[in-house]
Amino acid sequence: MNYSFSRELRLLTPEDFQPVFKNAVPAVSPHLTLLARKNTLDHPRIGMAIPKKHIKHAVGRNRIRRIVREQFRHQQHQLPAIDIVVIAKAGIADLSNQEINKILDKLWRKLVQRCNG
RNA sequence: GGAGUUGGCCAGAUCGUCGCCGCUGUUAUCGUUUACGCUGACAGGGGAGGAAAGUCCGGGCUUCAACAGGGCAGGGUGCCAGGUAACGCCUGGGUAGCGCGAGCUAACGACAAGUGCAGCAGAGAGGAGACCGCCCGGCAAUUUAUUGUCGGGUAAGGGUGAAAGGGUGCGGUAAGAGCGCACCGGCCAGUUAGUAAUAACUUGGUGCAGGGUAAACUCCACCCGAAGCAAGACCAAAUAGGCUUCCUGAGGUAUGGCCCAUACUGGAAGCGGGUAGGUCGCUUGAGCCUGUGAGUGAUUGCAGGCCUAGACGAAUGACGAUUCAACGACAGAACCCGGCUUAUAGGCCAACUCCAACC
RNA sequence: CGGUAUGUAGCGCAGCUUGGUAGCGCACUGCUCUGGGGGAGCAGGGGUCGAAGGUUCGAAUCCUUUCAUACCGA
């Protein structure tokens, strides 16, 4: 099983992001929002929106981004072919790595259920 | 042992698994000018900071404008000397202030070139000023020593203010006053020491003329072209438009009654500008480490060694284990350097100071 | 990443050049006019001048540092 995280698994340009925002299946928690949409490829892709307004320092933004990426890397084969956008909200900077991992775990499952059903 | 000052250093470590971004080597597929390019695999090795931050200064580099220069405007700096590519930085020294001390702090040129400013209070705010007071004289009253009034003298005292035109003492005087004298201070000049700032003086002169404010205008000395890697350089689709040449020398449309005439319109090739996109700029540099010489020091000479991130939606992480007194503060490179400023848990080293105790 | 501007009463703005009293409009409170409302008039309250230092006798104003917010450049 290949757990690599290459460029094809990422949303890069505004053209990649816009369709997800327009027509999305949401999964919400107080600290994170996930938006998903089926794509035409045979693998999932992920993009992130971490506003400077909510997480002030670059170190904090890097931490959120790295945790989300790591989770996605491990979960990619459980996920269907969808484009996901992860949006960070205020207050997430106060959570520990384990807490964020738990929240993400829940939200992945929600998304899989809603996209299949 | 306690309290403290200064300078410097570190910024968790080790192992395993799964991943990310460059580099080097080997190799496979494909494309072609047999050497490159694209994609993939394997191996090796590298991968955030002392502030990467704020963007407050100084440079390199690039383009533009000038042309190697001089001046004005505008801006900056401001004790002296040195260091440096340069600086508003650093080092050493001076002066002033703070601390018992080691030490620390300071935009620290000129108000004796000119102009301005100082509300309220106060008699007076700058070649000042009689409100109270003090003293003298005239007149009047009377309790014969004071009161009232008028005219003078006076800056010792009170009072106002942030600030009132040297200080203390003695003499002097009607009362006072640098009015005179002594000491202290100031100013001008001289001598000596020092590169200088400045300091010292049993030196000479001067009764003191010259209050504060320049982070007020200003004066003096020195410095500064502007914008910034989204700078800029190169390659270069599609579409529209531009220029040149050729083809046709004809047709169509408009003006007009018609001809002539004028304007617009076709196809092909080439050229230049240039958008999307791509490549370069992009990391070897006023570089780092070690030794040694010069210097109080900042710094620098010489010798040897080293290569230490270069992304482009943007790379260092996650999980587990062991360990440490501590689950580890502040915090993430984006063209690159030198500083400053701000944030910062804990620990280590060196030198020095004060207090207590012991010898 | 680079480059600019702005922070003053609940809101929107003056005052900063040339330092001594913080002012204007809307809003708020009370009173009057009206039977009541609206409206008008009169009176009044409310501001750490974004924060911290410095210069000055005295700082919203001058200087330095710092924190926010907004805008511009692909």
Side-chain angles (χ1 to χ4, degrees):
Chain A
M1 194 72 89
N2 184 9
Y3 286 102
S4 70
F5 183 73
S6 63
R7 197 166 280 266
E8 292 84 61
L9 298 180
R10 284 190 273 167
L11 300 174
L12 299 176
T13 62
E15 288 76 41
D16 292 335
F17 275 82
Q18 279 311 316
V20 181
F21 281 114
K22 276 187 180 169
N23 197 353
V25 177
V28 185
S29 86
H31 300 98
L32 280 172
T33 297
L34 269 68
L35 301 175
R37 186 176 191 274
K38 284 192 182 178
N39 63 25
T40 55
L41 307 167
D42 57 350
H43 56 77
R45 294 191 299 175
I46 193 164
M48 280 171 258
I50 306 174
K52 207 174 186 178
K53 211 169 188 179
H54 292 327
I55 300 146
K56 222 179 142 190
H57 293 294
V59 172
R61 291 195 295 276
N62 280 344
R63 186 168 71 95
I64 306 301
R65 183 167 50 75
R66 284 164 179 165
I67 292 169
V68 172
R69 267 180 45 175
E70 191 67 15
Q71 277 270 323
F72 177 79
R73 189 169 70 76
H74 284 115
Q75 302 287 330
Q76 58 181 291
H77 297 296
Q78 274 78 53
L79 295 170
I82 52 175
D83 289 343
I84 306 170
V85 172
V86 180
I87 301 168
K89 297 198 216 169
I92 194 170
D94 301 328
L95 301 181
S96 70
N97 293 0
Q98 283 83 359
E99 286 174 300
I100 296 172
N101 279 330
K102 272 186 202 169
I103 294 170
L104 280 171
D105 215 45
K106 266 191 203 169
L107 295 177
W108 294 138
R109 271 182 235 156
K110 260 193 205 175
L111 274 187
V112 170
Q113 278 184 2
R114 289 185 187 180
C115 287
N116 288 340

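So you know, we letter chains A, B, ... as the sequences are listed, proteins then strands, and number each from 1. The shown structure was predicted, so the numbers you read here are calculated from the model rather than taken from an experiment.
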Student: Expressed as a whole number of Å, how far does the P atom of B/rC104 sit from that of C/rC49?
Tutor: 36 Å
Student: If we take the C1' atom in both B/rU91 and B/rG7, what is their distance in whole Å?
Tutor: 14 Å
Student: Where the side chain of A/Arg61 meets the backbone of A/Ile55, is there a donor-acceptor pair that is under 3.5 Å apart?
Tutor: yes
Student: Who is the Watson-Crick or G-U wobble partner of B/rU39, with both distances under 3.5 Å?
Tutor: B/rA28
Student: Which nucleotide, in any strand shown, forms a Watson-Crick or G-U wobble pair with B/rG171, with both distances under 3.5 Å?
Tutor: B/rC179
Student: What integer distance in Å separates A/Glu8:CD from B/rG40:C1'?
Tutor: 12 Å
Student: Show the nearest heavy-atom pair for residues A/Ser29 and A/Ile103, with the distance to one decimal.
Tutor: OG-CG2, 3.6 Å
Student: Atom CD of A/Gln98 and atom C1' of B/rA318: how far apart are they, to the nearest Å?
Tutor: 10 Å
Student: Considering only the P atoms, how many Å lie between C/rC1 and B/rC337, rounded to the nearest integer?
Tutor: 16 Å
Student: Between A/Arg63 and B/rG332, is there a contact of a side-chain N or O with OP1 or OP2 at under 4.0 Å?
Tutor: no
Student: When the P atoms of B/rA200 and B/rU160 are considered, how many whole Å apart are they?
Tutor: 40 Å
Student: Specify the residue among A/Gly60 and A/Ala49 whose closest nucleotide of RNA chain B lies further upstream toward the 5′ end.
Tutor: A/Ala49
Student: Find the distance A/Gln75:CD to B/rC319:P and express it as a whole number of Å.
Tutor: 14 Å
Student: Is there a donor on the side chain of A/Arg66 or the base of B/rG332 sitting less than 3.5 Å from an acceptor on the other?
Tutor: yes
Student: Report the nucleotide, chosen from B/rC319, B/rG317, C/rA68, that has the shortest atom-to-atom distance to any side-chain atom of A/Asn97.
Tutor: B/rC319
Student: Tell which nucleotide pairs with B/rG119, taking only Watson-Crick or G-U wobble pairs whose two distances are both under 3.5 angstrom.
Tutor: none
Student: Given atom NE2 of A/His74 and atom C1' of B/rU17, what is their separation to the nearest angstrom?
Tutor: 9 Å
Student: Between atom CG in A/Asn62 and atom P in B/rG317, what is the gap in whole Å?
Tutor: 10 Å
Student: What is the separation between atom OH on A/Tyr3 and atom P on B/rC20, rounded to the nearest whole Å?
Tutor: 14 Å
Student: Taking the same atom, C1', in C/rG50 and in B/rG8, what whole-Å distance lies between them?
Tutor: 39 Å
Student: Taking atom C1' in both B/rU213 and B/rA162, compute the distance separating them and give it to the nearest angstrom.
Tutor: 12 Å
Student: So which heavy atom on A/Phe21 is nearest to which on A/Ile87, and how close?
Tutor: CE2-CD1, 3.9 Å
Student: Go ahead and name the base partner of B/rC306; Watson-Crick or wobble counts if both distances stay under 3.5 Å, otherwise write none.
Tutor: B/rG287
Student: From B/rG19, B/rA315, C/rA68, pick the nucleotide closest to the side chain of A/Arg69?
Tutor: B/rA315
Student: Who does B/rC67 pair with, Watson-Crick or G-U, both distances under 3.5 Å?
Tutor: none
Student: Which whole-number value in Å describes the distance from A/Lys56 NZ to B/rG54 P?
Tutor: 11 Å
Student: Say you draw a straight line from CG of A/Leu107 to CD of A/Gln71; how long is it, rounded to the nearest 0.5 Å?
Tutor: 10.0 Å
Student: Any strand counts, and the cut-off is 3.5 Å on both contacts for Watson-Crick or G-U wobble. Which nucleotide pairs with B/rU191?
Tutor: B/rA200
Student: Tell me which nucleotide among B/rA331, B/rA315, B/rC20 gets nearest to the side chain of A/Val59.
Tutor: B/rA331
Student: Mark yes or no for whether A/Asp105, through its side chain, and A/Asn101, through its backbone, hold a donor-acceptor pair below 3.5 Å.
Tutor: no
Student: Please work out if A/Ile67 contacts a base, only the sugar-phosphate, or nothing of the nucleic acid, heavy-atom cut-off 4.0 Å.
Tutor: nothing
Student: Keeping the roles fixed (side chain from A/His54, backbone from A/Ile50), state whether a donor-acceptor pair exists under 3.5 Å.
Tutor: no
Student: Expressed as a whole number of angstroms, how long is the span from A/Ile100:CD1 to B/rC319:P?
Tutor: 10 Å
Student: Return the nucleotide paired to C/rG45: Watson-Crick means purine N1 to pyrimidine N3 with N6-O4 or O6-N4, wobble means G-U with N1-O2 and O6-N3, both under 3.5 Å.
Tutor: none
Student: Taking O4'-C1'-N9-C4 for purines and O4'-C1'-N1-C2 for pyrimidines, is B/rG153 syn (within 90° of 0) or anti?
Tutor: anti
Student: Is the ring pair A/Trp108/A/Phe72 parallel, tilted or perpendicular, if the boundaries are 30 and 60 degrees?
Tutor: tilted
Student: For B/rG1 and B/rU292, measure between their C1' atoms and round to the nearest Å.
Tutor: 43 Å
Student: Determine which nucleotide pairs with B/rG19, using a 3.5 Å limit on both distances of a Watson-Crick or G-U wobble pair.
Tutor: none
Student: Could you pull out the closest heavy-atom pair between A/Leu9 and A/Pro44, with the gap in Å?
Tutor: CD2-O, 3.5 Å
Student: Quick one: which of B/rA314, B/rC20, B/rG332 gets closest to the side chain of A/Phe5?
Tutor: B/rC20
Student: Within the structure, does a side-chain N or O atom of A/Asn101 lie under 4.0 Å from either OP1 or OP2 of B/rA318?
Tutor: no
Student: Please pick, from B/rA314, B/rA315, B/rA318, the nucleotide with the shortest atom-to-atom distance to any side-chain atom of A/Glu70.
Tutor: B/rA318
Student: Could you work out which one of B/rA331, B/rA315, B/rC20 sits closest to the side chain of A/His57?
Tutor: B/rA331
Student: With distance as the sole criterion, do the side chain of A/Arg73 and the base of B/rC20 form a donor-acceptor contact below 3.5 Å?
Tutor: no
Student: Pick the P atom in B/rC139 and in B/rG159, then give their distance to the nearest Å.
Tutor: 38 Å
